[in-house]
K.L.:
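Mind having a look at this structure? Questions to follow.
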Amino acid sequence: MKFKAKKFESICKEFAKKIYNMMDAEDRAYVQEESFLMLRTYEKLFDEYAYPALEIAAATYPNDYQKSLKKYPLLGEEHSILYNGSGMVEQCLEELHK
């Protein structure tokens, strides 16, 4: 899985779109109630593909990373990139599901 996006928020949105298209109706409903990371298939994809890309994006574009965090509630500098990335993907999935 490769990403066209280079910045943090864009990678989260692109990853969310990719996995949303992989989900069946049951998975999509589950995501509304719980974290997508609870579904092991998507957790594995996040750990293998999205997280490394998010680490690079946060280091390469630190100002963009900080700006992205301000757009999404519950995220912030005090949290890890892993937490912020998964939280942002989660919120992007919820937006896609609406």
Side-chain angles (χ1 to χ4, degrees):
M1 182 181 295
K2 294 191 181 216
F3 297 98
K4 292 179 185 174
K6 300 288 183 218
K7 295 186 178 179
F8 197 87
E9 182 179 4
S10 300
I11 291 169
C12 290
K13 286 181 177 182
E14 187 176 339
F15 181 73
K17 285 179 188 174
K18 287 180 181 190
I19 65 169
Y20 188 78
N21 290 332
M22 292 179 191
M23 292 179 170
D24 59 20
E26 187 176 321
D27 288 349
R28 290 177 181 177
Y30 184 81
V31 168
Q32 289 301 108
E33 302 299 320
E34 298 292 333
S35 170
F36 77 97
L37 294 176
M38 298 298 287
L39 300 167
R40 296 287 177 221
T41 304
Y42 307 113
E43 177 187 28
K44 224 176 193 180
L45 290 173
F46 181 83
D47 289 347
E48 192 171 332
Y49 298 105
Y51 180 60
L54 293 172
E55 282 188 315
I56 292 168
T60 307
Y61 305 102
N63 292 336
D64 179 70
Y65 174 59
Q66 297 303 318
K67 198 164 92 176
S68 296
L69 296 180
K70 291 177 183 173
K71 290 182 181 179
Y72 291 85
L74 306 177
L75 305 181
E77 292 178 42
E78 68 276 6
H79 301 299
S80 67
I81 291 170
L82 177 67
Y83 179 89
N84 286 329
S86 63
M88 196 175 291
V89 168
E90 188 74 38
Q91 291 179 45
C92 291
L93 283 169
E94 288 173 5
E95 290 171 15
L96 285 169
H97 193 66
K98 289 181 182 178

K.L.:
Run the side-chain donor-acceptor check on residues 17-26: report pairs under 3.5 Å with partners two or more places apart or on a different chain.
P.N.:
residue : atom : partner : partner atom : Å
Lys18   : NZ   : Lys2    : O            : 2.3
Lys18   : NZ   : Glu14   : OE2          : 3.4
Tyr20   : OH   : His97   : ND1          : 3.1
Asn21   : ND2  : Lys17   : O            : 3.2
Asp24   : OD1  : Glu26   : N            : 3.2
Asp24   : OD1  : Asp27   : N            : 2.8

K.L.:
On a heavy-atom basis, which atom in Pro52 and which in Asp47 lie closest, and how many Å separate them?
P.N.:
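Closest approach of Pro52 to Asp47: CD-O, 3.4 Å.
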K.L.:
Backbone N or O of Ile56 within a donor-acceptor pair of the Thr60 side chain at under 3.5 Å?
P.N.:
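Here the side-chain-to-backbone pair exists.
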K.L.:
For residues 57-76, which residue pairs qualify under ring pair (Phe, Tyr, Trp, His ring centres under 6.0 Å), counting only residues two or more places apart or in two chains?
P.N.:
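Checked against ring pair (Phe, Tyr, Trp, His ring centres under 6.0 Å) - neighbours excluded - the pairs reaching residues 57-76 are Phe8-Tyr65.
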K.L.:
Kindly write out the residues that satisfy side-chain hydrogen bond (donor to acceptor under 3.5 Å, both in side chains) with Tyr51, not counting sequence neighbours, or none if the list is empty.
P.N.:
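Only Glu55 meet the side-chain hydrogen bond (donor to acceptor under 3.5 Å, both in side chains) criterion with Tyr51.
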K.L.:
For Val89 and Ala16, which heavy atoms make the closest approach, and how far apart are they?
P.N.:
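Smallest interatomic distance, heavy atoms only, reads O-CB, 4.1 Å.
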K.L.:
Which heavy atom of Cys12 sits nearest to which heavy atom of Gly85, and what is that distance?
P.N.:
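Answer, listing the atom of Cys12 first, then Gly85: SG-O, 3.8 Å.
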K.L.:
Per the side-chain contact (heavy atoms from CB on, under 4.5 Å) rule, which among Tyr42, Phe15, Phe46 passes with Ser86?
P.N.:
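Testing each of Tyr42, Phe15, Phe46 against Ser86, the sole residue satisfying side-chain contact (heavy atoms from CB on, under 4.5 Å) is Phe46.
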K.L.:
Kindly state each residue pair satisfying salt bridge (charged side-chain N to carboxylate O under 4.0 Å, His left out) with at least one member in residues 59-76, sequence neighbours excluded.
P.N.:
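Every salt bridge (charged side-chain N to carboxylate O under 4.0 Å, His left out) pair that includes a residue of residues 59-76, provided the two are not neighbours, is Glu9-Lys71.
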K.L.:
Ring pair (Phe, Tyr, Trp, His ring centres under 6.0 Å) with Tyr83: which residues, sequence neighbours excluded?
P.N.:
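In terms of ring pair (Phe, Tyr, Trp, His ring centres under 6.0 Å), with neighbours along the sequence ignored, Tyr83 is linked to His79.
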